[in-house]
Amino acid sequence: MLRSAIIIFSAIVLFLLAGALPIFSKAPSIIFSNPLFLVLVCVLALMICICCLRVDFSMRRIGFYAVHIGTVIIIAGALLGYFRMQNSEFAVPCNSEGSFSELLLDNGNSIKLGFSCKVSDFHVKFYPEAQIPERFDAKIQFSIDGKVSNEQLLMVNHPAYFKGWRFYLMDYDQGSQYHVVLFAKKDPGRMTAIAGIWILLFGAFVLCFRKNHLPPDGGVI
Amino acid sequence: MDFFNANMKVFLIAALSLYLLGWLFYLLKKKTPGHVLFICGWMVNMLIFSLNWIFSGAPPFGSMYHVLVFLGLCFFPLHIILRRRGDSGWTSAYFAFASALPLTGALFFDIDLPWRRMPALQSAWFVPHVTSYMVSYALATIAFSMMSVKFFRILAFHEKELRRYDEDAWQIIRMAFPFMTFGLLSGALWAEDAWGMYWSWDPKEIWALITWGLYLIFLHCRLAKAWRKYSDIAHVLAFAALLTTFILVNLLPRLSSALHSYA
């Protein structure tokens, strides 16, 4: 099982290498959405599950279980997001004039949000003696049936969350500061992937910080 | 302050000379002067790092020069930690020599580059993400140096009893791996907060994942008896990928990374 896992993982690394080498500019988008790559990732997740089931449970192996199960959970969350995520990047006026309740998704479809949003109070602060922004932010207001339901500060690294949708401040109109660029997404796999990340991290620190000598003749520690 | 800024390259040369002198004393089996020079080199390195922090007004991780100075700083504390964990006293020479390498690299980068933190970098993830990667890179460099010396001794002197190299390199990679994992995954969590996507298939991200994957293959090859013979190949490939992730992706225009253009 360990040998098969190494072979599958090596194949995935080869795919990554093909996507990373600058052979042609669209390589990543073609390679990483290739069905074969997705199948390899699924097979790896399946093999990790089988590997975990084959090992007798013991609290001493908590790190082993956490890294492997965490990896499977991340893959599950990422696949869920890949197939079910709805997202859109768009420009919107930042002077309270433009309100929107419908998004044109990146896949060409449009979707009704079930609430309306408007962006206002945009501010940008520059570094002294330089035209480089130190910080920019705006307010985003969510309304349901015309009544303001929620208002949040929107800035880089600080997205707004409302009714399953997350809104990110990506950029702004650097000429007239008339509009900002937002990214909106509804990702059903997000919490799964994030939970997997924390489980994997916990396992990696537990597993690798426990003193273990190199086995003289092989065998799983 | 102008005096310090004007003489930064002199401090860099002083720190790396002290590290190299310490290394030479370790090679001559004179540990006490080796320790003194290693510590003095580290203190000058710490002075450069502190000055960088004062000049930039923020944690100094804004350019290759900043990051290389910080990388040089990581080796000495890691050596102390490893010595306390077990019998790694004989590895002092590796740590002293490895500390000089990033400072040599730093000499070739522009030290006067003004750095202003763009909004995406103003995150709580910034310092832990960079620090964990530098810790893992420092440890991986030591493990790779040990493996290189092992092969040199096998080829040059036909020595066979070199298990301590394998054992200590294994322990060091095991210690590096969780930090590399933290660096990779904290980057994903940060990207999710900043751009809404925890993974964008950016060249730096892909190379970081390749590096992580190759170290994972190395660790698994070590555990499977039939695959033990391939573990050294995996180690060499993993370190080559690490150098690509850390240095080549930033320096070669065709491999350049849009999301990591600042470091």
Side-chain angles (χ1 to χ4, degrees), chain A residues 2-3 5-6 9-10 12-13 16-17 19-22 28-29 31-32 67 74 78 81 87 89 127 130 132-136 155-159 166-170 183-185 187 190 193-194 197-198 200-201 204-221, chain B residues 85-86 114 116-125 163 166-167 170-171 173-178 180-182 185-186 188-190 192-199 201-203 206-207 209-210 213-214 216-217 219-228 230 234 241 244 249 252 254-256:
Chain A
L2 188 56
R3 290 184 215 177
I6 293 171
F9 203 75
S10 303
I12 291 174
V13 169
L16 293 172
L17 209 53
L21 292 172
S29 57
I31 287 167
F32 302 126
V67 287
I74 292 173
N87 60 292
E89 189 168 326
Y127 281 104
I132 300 168
E134 183 184 346
R135 174 196 158 117
F136 54 97
M155 54 192 276
V156 182
N157 281 313
H158 193 282
R166 291 174 77 82
F167 294 85
Y168 299 81
L169 184 59
M170 306 292 281
F183 177 75
K185 76 163 185 177
D187 179 2
R190 180 180 171 271
I194 288 176
I197 284 174
W198 285 110
L200 170 55
L201 275 175
F205 276 90
V206 169
L207 193 66
C208 294
F209 273 100
R210 189 187 293 152
K211 180 104 179 168
N212 244 327
H213 290 287
L214 184 62
D217 54 354
V220 176
I221 289 175
Chain B
R85 266 169 64 101
R116 293 177 175 92
R117 265 211 294 182
M118 53 193 270
L121 294 182
Q122 293 168 25
S123 161
W125 288 113
R163 188 176 158 78
D166 283 336
E167 171 72 36
W170 156 259
Q171 296 295 356
I173 294 290
R174 284 183 70 235
M175 195 173 161
F177 195 71
M180 196 178 284
T181 308
F182 182 83
L185 298 180
S186 61
L189 292 171
W190 180 5
E192 211 281 331
D193 261 355
W195 299 303
M197 303 292 260
Y198 36 72
W199 203 260
W201 299 113
D202 174 69
I206 304 173
W207 278 106
L209 189 58
I210 291 170
L214 286 167
L216 202 63
I217 290 171
L219 290 171
H220 283 79
C221 282
R222 275 273 169 215
L223 297 174
K225 188 181 175 184
W227 287 72
R228 179 75 63 86
Y230 300 117
T244 308
V249 171
L252 296 181
R254 291 208 66 186
L255 285 177
S256 66

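The model shown is predicted, which means the values in this text are computed figures rather than measured ones. Below, chain A is the first sequence line, B the second, and so on; all start at residue 1. Scope of the values below: all heavy atoms of this structure, side chains included, with no hydrogens, waters or symmetry mates.
- Taking the six-membered ring where the residue is Trp, A:Phe32 and B:Trp201 present parallel rings, their angle staying beneath 30° rather than reaching 60°.
- The shortest non-hydrogen separation linking B:Pro119 to A:Phe136 is CG-CE2, 3.8 Å.
- Atom CD of A:Glu89 sits about 12.5 Å away from atom CH2 of B:Trp195, to the nearest 0.5 Å.
- Taking each heavy atom of A:Ala20 and B:Trp207 in turn, the nearest pair found is CB-NE1, 3.5 Å.
- For B:Trp125, the part sitting under 4.5 Å from any heavy atom of chain A is the side chain, from C-beta outward, and nothing else.
- Proximity to chain B is limited to the side chain of A:Arg166, based on heavy atoms less than 4.5 angstrom apart.
- Of the two parts of A:Ile132, only the side chain, counted from C-beta on, holds a non-hydrogen atom closer than 4.5 Å to a non-hydrogen atom of chain B.
- Inter-residue side-chain proximity for A:Asp187 and B:Tyr198 is flagged as met; some heavy-atom pair is nearer than 4.5 Å.
- Across B:Ala176, B:Ala124, B:Pro178, the residue that shares the most heavy-atom pairs under 4.5 angstrom with chain A is B:Pro178.
- Considering only heavy-atom pairs separated by less than 4.5 Å from chain B, the leading option among A:Leu16, A:Val206, A:Asn87 is A:Leu16.
- A:Trp198 CH2 to B:Leu185 CG: the interatomic distance, rounded to the nearest 0.5 Å, is 9.0 Å.
- For the set A:Ile194, A:Leu201, A:Ile12, the count of heavy-atom pairs under 4.5 angstrom toward chain B peaks at A:Leu201.
- Most heavy-atom pairs under 4.5 Å with chain A, from the set B:Ala241, B:Ser123, B:Ala188: that is B:Ser123.
- Judged by distance alone, the side chain of A:Asn157 and the main-chain N or O of B:Ala120 form a donor-acceptor pair under 3.5 Å.
- Annotation: side chain of B:His220 is not in contact with side chain of A:Phe9 (no heavy-atom distance under 4.5 Å).
- Remark: A:Tyr127 pairs with no residue by the ring pair (Phe, Tyr, Trp, His ring centres under 6.0 Å) rule, at least two apart or across chains.
- Interface check for chain A: of the options B:Ala234, B:Cys221, B:Gly196, the most heavy-atom pairs under 4.5 Å are formed by B:Gly196.
- Looking at heavy atoms from C-beta onward, B:Phe182 lies out of side-chain contact with A:Leu200 at the 4.5 angstrom threshold.
- Only the side chain of B:Leu216 comes within contact range of chain A, judged by heavy atoms closer than 4.5 Å.
- Atom CZ of A:Arg135 sits about 8.5 Å away from atom CD of B:Gln122, to the nearest 0.5 Å.
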